[in-house]
Amino acid sequence: MVGWAIALHGGAGDIPMDLPDERRIPRETALRHCLDLGVSALKSGRHPLDVTELVVRELENHPDFNAGKGSVLTTQGTVEMEASIMDGKTKRCGAVSGLTTVVNPISVARLVMEKTPHIYLGFDGAQAFARAHGVETVESSHFITPENIARLKQAKEFNRVQLDYTAPTPNLPEVSGDSQIGTVGCVAVDSAGNLASATSTGGYVNKMVGRIGDTPVIGAGTYANHLCAVSATGKGEYIIRATVAREVAALMEYKGLSLTEAAAYAVEQSGPRGCCGLVAVSANGEVAMPYNTTGMFRACATEDGYTEVAIWPKN
C-alpha cells in the first residue's frame, strides 16, 4: 500500500538523558511544529521536494539547531553553513558549502539544482550565486550568538573540535547543559511514490575554516532515488567514508533488504558507536530512524496515522 510519509531530525549525538527542560522542550516543540508543517504540505499535494525544503527552512530558522540561525562557529569565530537537496525520481540534486550570510542555505542548494548545470557550489561562488538570485541574506553577526561564542571558547580552551552533542569530559562542564546540536534534515514521500531528501548544517564547533562535512556530499549525508530518501547526521568524516545515505539505497536495491533492515545496517557499519544516525522513508511509505548515538532528535508521521516525536530510545 503506497502512502505518504515524512521523517525529520535535529541532530544525533551523546544527548544527556538529564537534558534540562529548558533545553529539551523548545527542541521537541520545534520538531512537532516542523512535522505538522510537513504533514500539512504533503496532505495538500505539495511535491516532496517542496515539503523537505519547507521543513528544513523552518529548522534552519530555529536557533537551537545547528543550521541556519543556530550554526556553530569555526576556529576563527565565523560561520560556514552547508546544505543539499535531492529528488529521488530524477536524481537531480544541489549542494552548497561555505555560506556566511544566507538565512536559508537549503534554498540556495535547491537553486543550484534548478538554475545551474552543476550540483555543488562553495564559498565565494556560492555566496555570489545566492546574491544574484535574490536570496535573503543578513550580516554574518546574525548567526554569532552568545551561546555559540561560549561553545567556541570552551572548545578552544580544551583544544578540541566539538562534535554533535559531545559528552562532557572530566573537568569540562558543558555550556548551558549540552553542546550544540548537529545537522538538521527531512525526508518525504508522497502517495505517488515521489521521494526527496534535504539536509542542512553549521558543521562542528571549532572546525578548521574550509572544512566540508557529509551534509552537502551527495551519497553521504543526503541521498534519494526511486526506492528511498535518506538524511544522515553525526560525525561527518565517518559518514563520508561509509557513504551512509547511498548505502541504504544500495542495500535495498542490490541485496533486497527492507528500508528498516538497510537503514539499521548502514548505521551499524558506519563506524564506531556514537558516530551516526539517519532518517529515511521508502517509496511505499515506510519510515526508519536508526542511530548508534545516545539519542537523536527526530520525528515522523505516516499516512496510516502513526506519529512519533522522540529523542532517546523508546522504552
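Position 1 is the first residue of the sequence; numbering continues from there.
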Does [X] come within less than 4.0 Å of [Y], counting only side-chain N to carboxylate O?
| X | Y | result |
| --- | --- | --- |
| Lys314 | Glu308 | yes |
| Arg24 | Glu28 | yes |
| Arg110 | Asp50 | yes |
| Glu157 | Lys153 | yes |

May I ask you to check whether [X] and [Y] show a side-chain donor-acceptor distance below 3.5 Å?
| X | Y | result |
| --- | --- | --- |
| Asn292 | Arg273 | no |
| Arg57 | Ser107 | yes |
| His9 | Ser231 | yes |
| Ser97 | Tyr120 | yes |
| Thr260 | Glu286 | no |
| Lys69 | Asn61 | no |
| Glu303 | Ser191 | yes |
| Thr222 | Ser84 | yes |
| Lys156 | Thr75 | yes |
| Ser200 | Glu60 | yes |

Output yes when a side-chain donor or acceptor of [X] lies under 3.5 Å from a complementary backbone atom of [Y], and no otherwise.
| X | Y | value |
| --- | --- | --- |
| Thr243 | Ile240 | no |
| Asn194 | Gly88 | no |
| His33 | Thr29 | no |
| His133 | Val135 | no |
| Asp304 | Tyr306 | yes |
| Glu237 | Gly213 | no |

Review point. Do other residues, nucleotides or ligands put more than 12 heavy atoms under 6.0 Å from Phe123 CZ?
Key: yes
Point to revise | Atom CD of Glu139 with >12 non-hydrogen neighbours under 6.0 angstrom | key: no
Using side-chain heavy atoms (C-beta onward) and a distance below 4.5 Å, is [X] in contact with [Y]?
| X | Y | value |
| --- | --- | --- |
| Asp87 | Lys91 | no |
| Ser197 | Val230 | no |
| Leu31 | Arg298 | no |
| Val96 | Val112 | yes |
| Thr201 | Asn66 | yes |
| Leu195 | Val281 | yes |
| Leu278 | Met289 | no |
| Val72 | Leu152 | no |

Please determine whether residues [X] and [Y] belong to a single hydrophobic cluster, defined as Ile, Leu, Val, Met, Phe, Trp and Tyr linked transitively by side-chain heavy-atom distances below 4.5 Å.
| X | Y | result |
| --- | --- | --- |
| Val309 | Val55 | yes |
| Ile106 | Ile212 | no |
| Leu73 | Val102 | yes |
| Leu8 | Val279 | no |
| Leu59 | Ile311 | yes |

Check your understanding: Step by step, would you call Lys255 with Tyr265 a side chain to side chain contact (heavy atoms under 4.5 Å, CB included)?
Key -> CA-CA 12 Å; Lys255 297 287 283 185; Tyr265 185 84; over 6 Å; no
Practice item. Report the C-alpha separation of Ile239 and Lys235 in whole Å, then their side-chain angles, then the decisive distance to 0.1 Å, and conclude whether the side chain to side chain contact (heavy atoms under 4.5 Å, CB included) test is met. Key: CA-CA 6 Å; Ile239 294 169; Lys235 299 178 181 177; 5.9 Å; no
Exercise for review: Check the pair Glu253, Asn225 against side chain to side chain contact (heavy atoms under 4.5 Å, CB included), reporting the backbone distance first and the verdict last.
Suggested key: CA-CA 10 Å; Glu253 185 168 3; Asn225 67 1; 4.1 Å; yes
Do you know the tightest heavy-atom contact between [X] and [Y]?
| X | Y | result |
| --- | --- | --- |
| Val184 | Gly10 | CG1-CA, 4.2 Å |
| Cys275 | Pro272 | SG-O, 3.2 Å |
| Leu99 | Ala126 | CD2-CB, 3.7 Å |
| Thr100 | Phe143 | O-CE1, 3.5 Å |
| Ala198 | Ile85 | CB-CG1, 3.9 Å |
| Ala262 | Val248 | CB-O, 3.5 Å |

Review point. Checking Arg211 against Tyr204: charged group under 6.0 Å from the ring centre and within 45 degrees of the axis?
Key: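 Yes; both conditions hold, so Arg211 lies above the ring face of Tyr204.
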Measuring from [X]:[atom1] to [Y]:[atom2], what's the distance to the nearest 0.5 Å?
| X | Y | atom1 | atom2 | value |
| --- | --- | --- | --- | --- |
| Thr101 | Glu136 | OG1 | CD | 10.5 Å |
| Ile6 | Thr52 | CD1 | OG1 | 8.0 Å |
| Asp64 | Arg23 | CG | CZ | 5.5 Å |
| Trp312 | Phe297 | CH2 | CZ | 6.5 Å |

Exercise for review: Report the C-alpha distance between Met86 and Ile218 in whole Å, list the side-chain angles of each, state the deciding distance to 0.1 Å, and finish with yes or no for side chain to side chain contact (heavy atoms under 4.5 Å, CB included).
Suggested key: CA-CA 8 Å; Met86 187 166 187; Ile218 301 301; 3.6 Å; yes
